[in-house]
Amino acid sequence: MAAPRATVATNEVDLINFLHKLCVFALLLGMMAATFAANVPSPATHGMVVSQSDIASHIGVDVLIEGGSAVDAAVATAFALAVTHPSAGNIGGGGFLIYRPANGEPIAYDFREVAPTGSHPEMWLVDGEYRFQRHHMSHMAVGVPGTVRGLHLAWQDAGKLPWKRLLEPAIELAEEGFTIGHGLARSLQRGLRRMRAYPASVSQFSKNGEPYEAGEVLKQSDLAASLIRIAEHGSDGFYKGRTAELIVAEMQANGGLITMDDLAGYEAKKRSPIVGSYRGYKVISMPPPSSGGIALVEMLNILEGYDLKEEGFGSANTLHRMTEAMRRAYADRALYIGDPEFNEGLPVTELISKTYGNKLRATIRLDAASKSSPDTFTWPAESAETTHFSVIDAQRNAVALTYTLEWGFGSGIVVPGAGFLLNNEMGDFNAGPGLTNPNGLIGTRANLAEPGKRMLSSMSPTIVAKDGKVLMVTGSPGGRTIINTVMQTILNVVDHGMNAQAAVDAGRIHHQWLPDTLYYEKHGFSPDSLRLMRKLGHQLEERQRQGAAEVIVVGEGNMLQGGLDGRVLDGGVAGY
Ligand code: DON
């Protein structure tokens, strides 16, 4: 009698084992499906791309699957974003790329726009009066674009697949069209208002002036032709010949400054990244002309002296310490940083030193907010457009890339016949010498317009490494909030032990020295914490949302976790 029972028992165990295996198998299948499905942040083992366009992320991963490097994938993703995410993805703007090879030294690629030769510090004044329109919304606001040279330079150094192959998907998307998502439909509706003055822009981004709706197809044939010239002639396909002529014709007809020589002479630069450390992690970020890396490391150095893990995410104690670190780093940002080629002896080493961090920390009172001083000005508002994406390949080479047209859709000017938008990045230069005033103008010297100068940026593509291996790739749009958003994604992973998605989802704060206001995301923090912060003397203001961090974290078992920012639509994690 015992034997049959034992048999039954064995069968039951077998059945349970079988069902268990089935469940695991189904789970794995589900994970794999999710990995390839749209918009689902999921683990992957080999490579991953997270960007603000699901289509572009998948194009990047296809390149990885084909044996391309992280840089190849970044180049293909960037060109695809120029088609599918035209508010910030671009060939008419500029940006920064941090590359950390699995073996070897990290490097920063600077393809920030430069001021055309005809620029000068007083170019935004008419009869001695500052003109906002001229500074931000005119052909004079267009800087010499850097994106195409920058992508080409990075590819020359670390690309494996043919250049043409990396442009093919973007060309096809522009030629054949792609389905407009809800995010793009919404931003086009807003962007169209500013494009009304420019017939080529209206023609490219609307149906005879009527906004596109989600689900409709957007074709961009002039853009396809420009991309084909880049595919065939490398970066010269943009900076010389037909495309350059079309840009210059548009400039000459409308009082813009960019010349054929400005375009032909544009150089992307390789720079040493800013490298700092935080609780044993290595933080690699963008040097000047970005203020991002310096301010980020300065804040982390201050915060290293506190036990944020013990204080906990979102507690008033943690928020107070973060706010005071932000206040101090943003003051230094305003006072010291600009294009290194035009500002001799920027105090970079000092600003990112542990000694300086300790010194600043000693000025923080734990029982009361400091006051930002001189309380003379607030800073001009910035739009929430720019885009960041993160890439890791199977060898664990990593790319963090942030690029922009400055405002959403940049200047709003599509180059007639060339099909791409021009930036309005000159707006990132200061208003004019000595023009700092209570209405929001800044006139400090380091960042005044000069021929060939790069305007100050906050873009902070960043890679975090631990024990010689990449741990995290992060970055965000959001103007001056970028640096704080990036820092918070790092604190969330390193101090608060969050996974990639939780780190991206968590509420964000922003303080930038002046105005002396702490902005916090709605629903991001408990009312108790906010009440305590007010009690400490902080001025608080609620914001709907801050940034769009697209993050990858290398988690347990060397698995890649995608952190997709749900604050914006249309993005996607793609992995394999
Ligand atoms: O370079 C900069 O810091 C700005 N031009 C970036 C613009 C931006 O992020 C706008 N908002 N997202």
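Both counts, for ligands and for their atoms, begin at 1 and track the order of listing.
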Which atoms of ligand 1 have any heavy atom of [X] under 4.0 Å away?
| X | answer |
| --- | --- |
| S458 | 1 (O), 2 (C), 3 (O) |
| T386 | 6 (C), 7 (C), 8 (C), 9 (O), 10 (C), 11 (N), 12 (N) |
| M459 | 1 (O), 3 (O) |
| D428 | 1 (O), 2 (C), 4 (C), 5 (N) |

Where does R480 meet ligand 1, judged by heavy-atom distances below 4.0 Å: at the side chain, the backbone, both, or neither?
neither

Heavy atom under 4.0 Å from ligand 1: found in I482's side chain, backbone, both, or neither?
side chain

Quick check: [X] and ligand 1, any N/O pair under 3.5 Å apart?
| X | answer |
| --- | --- |
| G478 | yes |
| E406 | yes |
| G479 | yes |

Distance only, no hydrogens: is a donor on one side chain within 3.5 Å (strictly under) of an acceptor on the other, for [X] and [Y]?
| X | Y | result |
| --- | --- | --- |
| D516 | H538 | no |
| H135 | Y130 | yes |
| H120 | E450 | no |
| T386 | H388 | no |

Which residue in the set K453, R454, K269 passes salt bridge (Lys or Arg N to Asp or Glu O under 4.0 Å) when paired with E341?
K269

Contact between R112 and ligand 1, counting heavy atoms under 4.0 Å?
yes

Quick check against the 3.5 Å criterion: does R545 have a side-chain atom that pairs as donor or acceptor with the backbone of G566?
no

For D428, is there an ion pair with R480 - N to carboxylate O distance below 4.0 angstrom?
no

